[in-house]
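Here the structure comes first, spelled out in structure tokens, and everything after it is commentary.
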Amino acid sequence: MAKKWYVLHTYSGYENRVKRNIEHRIEALDCEGKVFDIQIPSEEVVEIKDGGRRVAKKKNVFPGYVLVQLQAERKSDGKLAIDERTWSLVRDTPGVTGFVGAQGKPTPLSREEYNKIMKHSDDTTPKRTSSSLSTGMSVKVVSGALADFDGRISEVNPEAGKIKVLVSIFGRETPVELSYDQVTRL
């Protein structure tokens with residue numbers, strides 16, 4: 001008997017509901033020893049709203065997917081398998097469309113795959129910055145030495161929370177690196 005992580009495909013946006021539904025089904029069907037953990041890989045993202053207001057949000061790293069740790073048993077051919085009752089409990093949960101694996105058969109994740117997926121959810125991972133700003137968009141600089149200048153975004157770097165804006169100074173377009181909160185959309 002082993003505990004293995006499996007990936008469930010769900011309707012996008014239903015990940016938290018699927019987690020709650022599985023937890024309720026575990027209680028109702030008395031399967032506490034079959035399903036050990038349920039994870040929704042997510043990360044903290046700082047979004048810059050209009051006017052430079054920063055809002056921290058939790059975003060799913062893989063929308064439409066949920067990880068479940070299930071009891072797996074070794075079959076006579078040496079392969080790991082989930083017993084029929086556990087498979088049915090999870091598979092028949094509202095919002096679940098199936099297991100990820102060949103022909104819809106559950107394929108367990110390796111420890112390395114699980115760690116790689118969950119490293120995004122680690123609290124020590126720096127928060128990513130998100131914005132509705134995109135390349136080619138016209139913006140107005142609202143703070144700093146170039147306040148009140150208009151420009152066009154040439155690059156967006158969400159990891160650093162920076163953008164490169166082409167600002168017209170003395171009739172020439174000059175690239176300037178700014179943070180998201182130093183501009184507003186026109």
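Basis for what follows: all heavy atoms, side chains included, without hydrogens, waters or symmetry-related copies.
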With Lys140, the side-chain contact (heavy atoms from CB on, under 4.5 Å) member among Leu146, Val165, Asp148: Asp148
Between Glu32 and Glu27, what is the shortest heavy-atom contact and its length? OE2-CA, 3.8 Å
Could you state the interatomic distance from CG (Leu70) to CD1 (Ile38), rounded to the nearest 0.5 Å? 8.5 Å
Compare all side-chain heavy atoms of Tyr65 with those of Pro41 and state whether any distance is below 4.5 angstrom. no
Distance check, rounded to the nearest 0.5 Å: Ile163 atom CD1 versus Gln182 atom CD? 8.5 Å
Angle class for the Tyr114/Trp5 ring planes (parallel below 30°, perpendicular above 60°, tilted otherwise)? parallel
Can you find a heavy atom in the side chain of Ile40 that is under 4.5 Å from one in the side chain of Lys19? yes
Closest contact, heavy atoms only, Ala102 versus Thr107: N-OG1, 3.8 Å
Interatomic spacing from CG in Leu8 to CD in Glu15 - rounded to 0.5 Å: 11.0 Å
Indicate the ring-plane relationship of Tyr6 and Phe99, choosing parallel, tilted or perpendicular according to the 30° and 60° boundaries. perpendicular
Checking the side chain of Ser88 only, and the main-chain atoms of Arg85 only, is there a donor and an acceptor separated by less than 3.5 Å? no
If only side-chain N and O atoms count, and only distance matters, is there a donor-acceptor pair under 3.5 Å linking Glu155 with Asn157? no
Got a second to check how far Arg152's CZ is from Leu186's CG, nearest 0.5 Å? 13.0 Å
What pair of heavy atoms forms the shortest contact from Tyr180 to Lys162, and how long is it? CE2-O, 3.8 Å
Would you compute the distance between atom OG1 of Thr93 and atom CG of Asn21 and round it to the nearest 0.5 angstrom? 6.5 Å
Measuring from atom NZ of Lys58 to atom CD of Glu43, what distance do you get when rounded to the nearest 0.5 angstrom? 9.5 Å
Closest contact, heavy atoms only, Val142 versus Val183: CG2-N, 3.9 Å
Under a 3.5 Å distance rule, please check whether Thr10 uses its side chain to pair with a backbone N or O of Gly95 as donor and acceptor. no
